[in-house]
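All values derive from a computational prediction rather than experimental measurement.
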Amino acid sequence: MDKTEGCNPLPIDFTNQSSTISSDSSSYFWDFNDGSYSQEENPEHTFYNTDRTHDSIIDITLKATSKNRCNDDTTKSITVYHRPKANFD
């Protein structure tokens with residue numbers, strides 16, 4: 001991940017560092033925990049937080065499966081900061 005926290009909207013480039021060899025027909029499944037998924041090896045995704053008072057902590061999971069159907073997964077968290085609400089009298 002090129003970042004783990006930031007303001008809304010938060011675009012992130014993911015770099016797959018799984019130990020499987022790309023040429024062995026491995027498959028990847030990214031769950032962005034916002035209803036979006038990807039099977040790209042190195043996806044990009046934008047996260048949103050429309051709340052005006054609370055930051056969003058989002059867990060992202062990558063599942064890697066080898067051509068022999070062995071698999072492993074890992075999960076990391078990001079934080080999307082809430083949007084400020086400007087106000088004055």
Side-chain angles (χ1 to χ4, degrees):
M1 295 188 284
D2 63 338
K3 50 189 101 109
T4 58
E5 60 187 353
C7 297
N8 177 65
L10 179 61
I12 296 182
D13 293 322
F14 292 91
T15 303
N16 188 335
Q17 297 179 334
S18 301
S19 61
T20 60
I21 300 170
S22 297
S23 62
D24 78 354
S25 301
S26 298
S27 64
Y28 306 101
F29 183 80
W30 297 83
D31 181 351
F32 300 117
N33 205 22
D34 62 0
S36 298
Y37 307 93
S38 177
Q39 293 182 324
E40 294 178 32
E41 187 171 353
N42 298 300
E44 300 173 37
H45 188 71
T46 301
F47 296 88
Y48 298 92
N49 179 2
T50 57
D51 196 304
R52 295 287 183 152
T53 57
H54 298 93
D55 296 340
S56 290
I57 297 173
I58 302 169
D59 293 329
I60 297 110
T61 300
L62 167 62
K63 180 178 179 181
T65 304
S66 71
K67 68 178 178 180
N68 299 319
R69 297 190 180 153
C70 300
N71 61 63
D72 190 31
D73 60 71
T74 186
T75 300
K76 294 187 178 183
S77 298
I78 63 162
T79 301
V80 183
Y81 301 133
H82 67 278
R83 297 177 71 182
K85 184 175 182 181
N87 192 7
F88 69 91
D89 286 329

Student: Quick one: list whatever passes ring-ring contact (aromatic ring centres under 6.0 Å, His included) with Phe29, sequence neighbours left out.
Tutor: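 Phe29 satisfies ring-ring contact (aromatic ring centres under 6.0 Å, His included) with Tyr37 only.
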Student: Going by side-chain contact (heavy atoms from CB on, under 4.5 Å), name the residues that satisfy it together with Asn49, two or more places apart in sequence or in a different chain.
Tutor: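 Partners of Asn49 under the side-chain contact (heavy atoms from CB on, under 4.5 Å) test: Asn8, Asp51, Ser56, Val80, His82.
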Student: Could you work out, with side-chain contact (heavy atoms from CB on, under 4.5 Å) as the rule, every residue matching Asp34, not counting sequence neighbours?
Tutor: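 Asp34: side-chain contact (heavy atoms from CB on, under 4.5 Å) contacts with Phe32, Ser36, His45, Phe47.
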Student: Would you please test Thr79 and Thr4 for side chain to side chain contact (heavy atoms under 4.5 Å, CB included) and show each step?
Tutor: CA-CA 6 Å; Thr79 301; Thr4 58; over 6 Å; no
Student: Distance-only, no hydrogens or angles: does the Asn33 side chain make a donor-acceptor pair with backbone N or O of Ile58 under 3.5 Å?
Tutor: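 Looks like no, no N/O pair under 3.5 Å.
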Student: Evaluate whether atom CZ of Arg52 has more than 12 neighbouring non-hydrogen atoms of other residues, nucleotides or ligands under 6.0 angstrom away.
Tutor: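 Correct, the count exceeds 12.
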Student: Taking all atoms of both residues into account, what is the closest heavy-atom pair of Asp2 and Pro11, and its distance?
Tutor: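 In this case the closest contact between Asp2 and Pro11 is OD1-O, 4.4 Å.
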Student: Could you state the interatomic distance from CZ (Arg69) to OG (Ser26), rounded to the nearest 0.5 Å?
Tutor: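 Arg69 CZ to Ser26 OG: 13.0 Å, rounded to 0.5 Å.
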Student: So which residues get pulled into Ile57's cluster when ILVMFWY side chains under 4.5 Å apart are joined, directly or through others?
Tutor: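 The other cluster members (ILVMFWY side chains, heavy atoms under 4.5 Å, direct or chained): none.
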Student: Roughly how far apart are Glu41 CD and Thr15 OG1, rounded to 0.5 Å?
Tutor: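 Result: 10.0 Å between the selected atoms.
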Student: Measuring from atom CD of Glu44 to atom CG of Asn42, what distance do you get when rounded to the nearest 0.5 angstrom?
Tutor: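 It comes to 9.5 Å.
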Student: Run the side chain to side chain donor-acceptor pair (under 3.5 Å) test against Asn16 and tell me which residues pass, sequence neighbours left out.
Tutor: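 For Asn16, the residues satisfying side chain to side chain donor-acceptor pair (under 3.5 Å) (neighbours in sequence not counted) are Ser18.
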Student: Distance check, rounded to the nearest 0.5 Å: Lys63 atom NZ versus Thr75 atom OG1?
Tutor: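 Here the interatomic distance stands at 12.0 Å.
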Student: As an exercise, state the distance from CZ of Phe14 to CD1 of Ile60, rounded to the nearest 0.5 Å.
Tutor: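 The distance works out to 4.5 Å.
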Student: Taking Tyr48 as the starting point, is it possible to reach Tyr81 by hopping between hydrophobic residues whose side chains are less than 4.5 Å apart?
Tutor: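 No.
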Student: Counting only heavy atoms not in Lys76, do more than 12 fall under 6.0 Å of its NZ?
Tutor: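 Atom NZ in Lys76 is not crowded, with 12 or fewer foreign heavy atoms closer than 6.0 Å.
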Student: Counting only N and O atoms by type, is there a donor-acceptor contact under 3.5 Å from the side chain of Lys3 to the main-chain atoms of Ile78?
Tutor: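 Such a contact is absent between Lys3 side chain and Ile78 backbone.
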Student: To the nearest 0.5 Å, tell me how far Met1 CE sits from Asp13 CG.
Tutor: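 Rounded to the nearest 0.5 Å, the CE-CG separation comes out at 12.0 Å.
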Student: State which residues pass side-chain contact (heavy atoms from CB on, under 4.5 Å) with Glu40; sequence neighbours excluded, sorted by chain then number.
Tutor: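 In terms of side-chain contact (heavy atoms from CB on, under 4.5 Å), with neighbours along the sequence ignored, Glu40 is linked to Ser38, Pro43.
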